[in-house]
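Written below as structure tokens is the structure these notes are about.
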Amino acid sequence: MDNAPTRGESAASRIGWWSADLKDLTGQAIVTSRVVALLEEAERQAFVYRGGKLKSIVSWAWAALRLWASLPARRVRVLYLVCSRSTAGFLRDLPAYMTWLFGVRVLVHVHGSDIVDLCRRPGIGLLARGILARCELILPSVHLLAPLRDLGMNQIHLCENFSEYSAPVAFSLPRPTQGDLRLRVLWNSNVMASKGFFAVADAIKSLVDDGESIRLVVLGRPIGDEVMDLRACQRALSRTLVKSWIEYLGPVDRPTAMRLLHEADVVCLPSHYSSECQPLAVIEAMCAGRQLIIADTSALRATAGDYPCVKVSGPIASEITLALRHVMEKPASDEALQSAATHARQRFSPERFDRDMARLLQI
């Protein structure tokens with residue numbers, strides 16, 4: 001079908017968006033919220049489903065019914081779809097994907113590296129590849145381009161994520177004195193085994209046992225994953241929190257997170273989380289000019305780019321211990337970090353993100 005607007009209509013007046021609700025403070029929710037704010041000027045329709053077992057099913061069915069009811073009258077011509085990459089999530093998103101049959105231009109915003117795994121799965125992967133090939137994909141990271149093109153996806157746009165870190169203000173403030181504290185490490189992500197939290201804690205314990213004065217400040221909440229379910233993660237975190245060198249603050253508001261980032265010496269994310277794509281914790285550390293330790297994965301290498309950082313093979317305590325010693329003994333210079341931070345703030349600026357997304361959504 002022809003997607004061109006009819007006389008007297010604008011493309012922006014017929015935009016819909018399909019996603020889970022945005023109540024959880026995740027990187028995906030932060031990015032989606034900014035896109036939704038961009039759509040405020042348009043006459044957009046929200047097709048949002050909510051969590052919670054039966055409530056989720058009812059909410060999903062109502063969102064799908066409203067979406068499909070809008071199609072015969074062509075009230076939605078462009079659909080912004082925030083996709084899930086699990087098999088169940090992909091099936092849940094099918095009512096949104098299939099609107100392409102009505103000539104809807106479907107823009108699929110991908111937030112996880114496991115989109116590639118979905119497309120490679122036996123059975124469901126064939127269906128996923130066939131549908132995604134008829135949509136336009138918005139990717140935050142260049143490392144996904146080649147594997148998705150190899151799987152037959154050719155309508156691909158690159159739009160990196162953003163950081164609202166106010167670096168010029170923070171750089172004008174004096175760094176706090178730390179007394180005898182040699183290193184302050186910030187964990188600025190959810191507490192997950194696959195992201196490497198417990199490996200980082202074990203590494204710091206080893207250094208403290210060797211007489212080093214190090215403090216670990218932890219933000220985020222415990223979440224279960226493929227390595228450790230939620231209950232096991234909570235139990236492991238409780239055992240870790242009795243240590244004197246750790247300060248657990250849990251989820252905090254943005255100003256507090258930015259202050260703690262400014263006070264930190266190093267941010268550590270040795271993540272092998274299967275969905276890791278372009279984590280906000282790494283982006284913000286770069287924009288703030290902090291020392292950085294990451295896992296040597298395609299996703300995190302693409303995120304870091306040329307930023308000076310120390311790479312480890314994964315969430316392995318012994319490697320993280322050596323990386324932290326390297327940061328203490330041979331840190332990148334302040335001049336190198338501030339120069340890299342200036343480039344990162346340009347690369348991940350909210351204004352650049354807004355321009356790219358407005359162009360893609362044609363608003």
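A quick note: this is a predicted structure, and the numbers were derived from the prediction, not measured.
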Under 6.0 Å from the [atom1] atom of [X], do we count more than 12 heavy atoms belonging to anything else shown?
{"X": "Lys311", "atom1": "NZ", "value": "yes"}
{"X": "His343", "atom1": "NE2", "value": "no"}
{"X": "Asp209", "atom1": "CG", "value": "yes"}

Path from [X] to [Y] over hydrophobic side-chain contacts below 4.5 Å:
{"X": "Val31", "Y": "Leu360", "result": "yes"}
{"X": "Val218", "Y": "Ile293", "result": "yes"}
{"X": "Phe47", "Y": "Leu94", "result": "yes"}
{"X": "Ile156", "Y": "Val116", "result": "yes"}
{"X": "Leu249", "Y": "Phe198", "result": "yes"}

For [X] versus [Y], what's the shortest heavy-atom pair and its separation?
{"X": "Arg44", "Y": "Leu39", "result": "CD-O, 3.2 Å"}
{"X": "Ser19", "Y": "Val82", "result": "CB-CB, 3.6 Å"}
{"X": "Ala193", "Y": "Met228", "result": "CB-CB, 3.8 Å"}
{"X": "Trp18", "Y": "Arg92", "result": "CZ2-O, 3.6 Å"}
{"X": "Leu230", "Y": "Pro222", "result": "CD1-O, 3.4 Å"}
{"X": "Ser163", "Y": "Ile283", "result": "CB-CG2, 3.6 Å"}

Side chains of Ser70 and Gln45: any donor to acceptor distance under 3.5 Å?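 Absent: no donor and acceptor within the cut-off.
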
Stepwise side chain to side chain donor-acceptor pair (under 3.5 Å) test for Ser313 and Glu319: CA-CA 8 Å; Ser313 63; Glu319 290 193 29; 2.6 Å; yes

For the backbone of [Y] and the side chain of [X], can you confirm whether one donor and one acceptor N or O come within less than 3.5 Å of each other?
{"X": "Arg301", "Y": "Asp296", "result": "yes"}
{"X": "Arg75", "Y": "Ala73", "result": "no"}
{"X": "Gln278", "Y": "Pro140", "result": "yes"}
{"X": "Trp100", "Y": "Cys135", "result": "no"}
{"X": "Arg50", "Y": "Asp21", "result": "no"}
{"X": "Arg134", "Y": "Met98", "result": "no"}
{"X": "Ser238", "Y": "Gln234", "result": "yes"}
{"X": "Asp229", "Y": "Ala232", "result": "yes"}
{"X": "Thr99", "Y": "Ala96", "result": "yes"}

Answer with yes or no after comparing the ring centroid distance for Tyr49 and Trp62 against a 6.0 Å cut-off, counting only values under it.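 No; Trp62 has its ring centre 6.0 Å or more from that of Tyr49.
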
Note, [X] side chain near [Y] side chain (heavy atom, < 4.5 Å):
{"X": "Pro308", "Y": "Leu337", "result": "yes"}
{"X": "Val78", "Y": "Gln362", "result": "no"}
{"X": "Trp17", "Y": "Leu361", "result": "no"}
{"X": "Arg184", "Y": "Leu186", "result": "no"}
{"X": "Arg34", "Y": "Met357", "result": "no"}

Rounded distance [0.5 Å steps], [atom1] in [X] versus [atom2] in [Y]:
{"X": "Leu91", "Y": "Tyr97", "atom1": "CG", "atom2": "OH", "result": "10.5 Å"}
{"X": "Cys287", "Y": "Gln346", "atom1": "SG", "atom2": "CD", "result": "10.0 Å"}
{"X": "Ile138", "Y": "Gln155", "atom1": "CD1", "atom2": "CD", "result": "12.0 Å"}
{"X": "Ser333", "Y": "Gln338", "atom1": "OG", "atom2": "CD", "result": "9.5 Å"}
{"X": "Leu322", "Y": "Leu207", "atom1": "CG", "atom2": "CG", "result": "9.0 Å"}
{"X": "Thr297", "Y": "Tyr273", "atom1": "OG1", "atom2": "OH", "result": "13.5 Å"}

Under the criterion side chain to side chain donor-acceptor pair (under 3.5 Å), I'd like the reasoning laid out for His143 against Ser113: C-alpha separation, chi angles, the key distance, then a yes or no. CA-CA 9 Å; His143 82 281; Ser113 297; 2.9 Å; yes

Less than 4.0 angstrom from a charged side-chain N to a carboxylate O is my criterion; do [X] and [Y] meet it?
{"X": "Arg259", "Y": "Glu263", "value": "yes"}
{"X": "Asp210", "Y": "Arg325", "value": "yes"}
{"X": "Arg121", "Y": "Asp117", "value": "no"}
{"X": "Arg352", "Y": "Glu160", "value": "no"}

Identified side-chain contact (heavy atoms from CB on, under 4.5 Å) counterpart of Ile115 within the set Arg120, Met153, Arg85: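 Between Ile115 and the candidates, side-chain contact (heavy atoms from CB on, under 4.5 Å) is satisfied uniquely by Arg85.
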
Sequence neighbours excluded, every pair satisfying ring pair (Phe, Tyr, Trp, His ring centres under 6.0 Å) that has a member inside residues 344-363: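 Matches after skipping sequence neighbours: Phe162-Phe353.
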
